[in-house]
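Letters go in sequence order (proteins before strands), and every chain restarts at 1.
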Protein chains: 2
Amino acid sequence: MVRSGQLARRCGTSASLVRKDLSYFGGFGIKGKGYRVESLIDSIEKILGINKPVGLVLIGVGNLGSAILRYLQSVPYFTILGAFDRDQKKWGKKVGRIEILPVLSLGDFLREHPAELGVIAIPPDGVQDVVNTLSEGGVKGVLSFALSELEVPEGMVLQFVDIAAELEFLYYKANKSKK
Amino acid sequence: MVRSGQLARRCGTSASLVRKDLSYFGGFGIKGKGYRVESLIDSIEKILGINKPVGLVLIGVGNLGSAILRYLQSVPYFTILGAFDRDQKKWGKKVGRIEILPVLSLGDFLREHPAELGVIAIPPDGVQDVVNTLSEGGVKGVLSFALSELEVPEGMVLQFVDIAAELEFLYYKANKSKK
DNA sequence: TAGATTGTTAATCGATTAACAATC
DNA sequence: TAGATTGTTAATCGATTAACAATC
């Protein structure tokens with residue numbers, strides 16, 4: 001059992017808001033008691049849609065890509081369908097149990113293995129092509145570590161991870177709270 | 001020259017809000033014209049505090065740490081003061097122009113080279129110790145890729161990068177917009 | 001039953017937008 | 001001067017909080 005106040009503390013928000021937000025999706029709690037942890041996890045997984053494994057492909061197996069590839073293999077609700085790189089020397093090698101494939105085979109691969117999400121960890125210049133290929137292959141969401149400016153295909157949700165921006169904002173906050 | 005509407009499109013917000021937010025910090029624009037790009041960049045850098053180089057240390061030079069280390073060396077307003085790992089085999093090696101040092105020397109190092117920010121890219125178990133050492137060394141902001149639960153020292157701002165959570169939320173958004 | 005905590009309503013607060021006077 | 005766009009005010013909208021009836 002967990003109470004809304006505990007969840008709030010952990011998430012840096014208020015008990016009211018935790019209850020409000022959860023109740024938006026349904027009454028998951030038990031009055032007078034709180035929320036059963038197991039069933040709450042199940043409910044949230046269902047809300048997010050990750051109650052069944054989500055298939056994903058990763059493009060770019062450099063240092064960053066390898067790290068992500070390894071990490072995601074340890075997350076149960078993600079299934080890595082394939083990893084791709086343009087460097088011939090990497091083809092056939094494995095990171096964990098995932099074999100690296102030529103990036104040029106990505107389009108064909110997606111026809112065989114439909115993926116829900118794509119993760120992009122390549123240098124900025126090739127990103128638009130990869131995004132287009134992913135979109136044509138039916139991928140609906142892409143997380144990119146490359147910060148190139150992009151034409152986002154219709155029906156695709158694209159999100160960036162911008163480490164420099166995170167650090168800039170962190171620095172701003174650290175100095176603000178100092179005063 | 002750039003107009004508030006252009007900035008808004010790029011940032012996914014409204015022209016009104018761009019003007020409002022900028023004017024909160026000062027009148028950076030020219031009525032009837034827009035914002036001078038160069039001077040706007042300068043102003044924003046000053047707001048964030050990154051107009052002078054920000055010194056940082058990185059702890060954990062695995063795949064992820066190496067990628068970040070390389071990347072941050074290319075960002076002009078960050079200066080990497082040191083990179084640390086607990087693996088003896090890495091000590092003395094370089095990533096770009098940065099030499100890897102023993103993580104046990106971090107405390108001493110910070111006394112010699114005060115750093116503003118820390119980046120943590122190690123496995124979750126050692127994080128609390130590193131955070132404490134950073135805090136004692138005067139580091140005010142930490143960006144962690146390790147998702148361990150932490151006691152955050154007084155006066156420190158801590159921020160996580162949670163790739164699994166990014167992907168979960170991306171998946172939720174991708175499916176929501178499908179409907 | 002008494003105590004506790006949810007789900008939800010109404011009240012508050014803050015953030016966004018619309019609109020326009022100021023002015024380049 | 002005419003046209004354009006900022007900076008800012010007032011109006012709107014949405015998000016958060018406070019409070020409490022419902023109920024385990």
Side-chain angles (χ1 to χ4, degrees), chain A residues 1-49 51 149 152 157-160 162 165-166 168-177 179, chain B residues 1-49 51 149 152 157-160 162 165-166 168-177 179:
Chain A
M1 270 314 172
V2 65
R3 280 167 276 126
S4 55
Q6 298 174 298
L7 293 169
R9 209 172 322 116
R10 287 267 217 115
C11 301
T13 181
S14 70
S16 269
L17 196 51
V18 167
R19 295 201 300 278
K20 190 123 218 272
D21 285 356
L22 286 176
S23 78
Y24 172 82
F25 293 101
F28 304 134
I30 302 158
K31 289 180 183 180
K33 297 289 178 182
Y35 300 85
R36 278 191 48 231
V37 174
E38 277 305 317
S39 81
L40 184 59
I41 290 172
D42 285 354
S43 301
I44 293 174
E45 285 184 351
K46 246 173 227 144
I47 294 167
L48 291 168
N51 49 323
E149 263 182 74
V152 182
V157 180
L158 196 133
Q159 197 171 310
F160 292 98
D162 184 342
E166 302 273 357
E168 291 162 21
F169 189 43
L170 178 68
Y171 184 56
Y172 173 74
K173 284 191 286 187
N175 284 320
K176 207 174 49 164
S177 70
K179 282 164 206 160
Chain B
M1 270 313 173
V2 65
R3 280 167 278 126
S4 55
Q6 298 175 297
L7 293 170
R9 209 173 323 116
R10 288 267 216 116
C11 302
T13 181
S14 70
S16 268
L17 196 50
V18 167
R19 295 201 300 279
K20 189 124 220 269
D21 284 357
L22 287 175
S23 78
Y24 172 83
F25 292 102
F28 304 133
I30 302 159
K31 290 181 182 180
K33 298 288 178 182
Y35 299 86
R36 277 190 51 231
V37 174
E38 277 305 317
S39 80
L40 184 59
I41 290 173
D42 285 353
S43 301
I44 294 173
E45 285 183 352
K46 247 172 227 143
I47 294 167
L48 291 168
N51 48 323
E149 262 183 74
V152 182
V157 179
L158 196 133
Q159 197 171 311
F160 292 98
D162 184 343
E166 302 274 356
E168 290 161 22
F169 188 43
L170 178 68
Y171 184 56
Y172 173 74
K173 284 191 288 187
N175 284 320
K176 207 174 49 162
S177 71
K179 282 163 207 165

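The distance between atom CD of Gln6(B) and atom P of dA4(D), rounded to the nearest whole Å, is 14 Å. Computed from coordinates, the Tyr24(A) OH to dT17(D) C1' distance equals 20 Å when rounded to whole Å. As a whole-Å value, the separation of Ile30(B) CD1 from dA22(C) C1' is 15 Å. Atom pair Leu17(A):CG and dA19(D):P shows a separation of 17 Å (rounding to whole Å applied). If you measure from atom CG of Asp21(A) to atom P of dT17(D), you get 10 Å, rounded to the nearest angstrom. Arg36(A) has its CZ atom 23 Å from the P atom of dA4(C), to the nearest Å. Nucleotide dA4(D) holds its P atom 11 Å from the NZ atom of Lys33(B), rounded to whole Å. With rounding to whole Å, Tyr35(A) atom OH is found 4 Å from dG7(C) atom P.
In the displayed structure, Phe160(A) atom CZ is contacted under 6.0 Å by more than 12 heavy atoms of other residues, nucleotides or ligands.
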(Q) For Glu168(B) and Tyr172(B): C-alpha separation, side-chain torsions, deciding distance, then whether side-chain contact (heavy atoms from CB on, under 4.5 Å) applies. (A) CA-CA 6 Å; Glu168(B) 290 161 22; Tyr172(B) 173 74; over 6 Å; no
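Side-chain N/O atoms of Ser14(B) include none lying less than 4.0 angstrom from OP1 or OP2 on dT16(C). Remark: Arg19(B) is in phosphate contact with dT6(D), judged by side-chain N or O atoms under 4.0 Å from OP1 or OP2.
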(Q) What does the 5'-to-3' dot-bracket notation of DNA chain D look like when only Watson-Crick and G-U wobble pairs under 3.5 Å count, and pairs to other strands show as |? (A) ..||||||||||||||||||||||
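Between the CD atom in Glu38(B) and the CG atom in Leu40(B) there is a gap of 10.0 Å [rounded to 0.5 Å].
Residue Ser4(A) is in sugar-phosphate contact alone, with no base atom involved, counting any heavy-atom pair closer than 4.0 Å across all strands shown.
At least one donor-acceptor pair closer than 3.5 Å links the side chain of Ser14(A) to the backbone N or O of Leu17(A).
Each of Gly32(B) and Lys20(A) was assigned the nucleotide of DNA chain D with the nearest heavy atom; the assignment lying further toward the 5' end belongs to Gly32(B).
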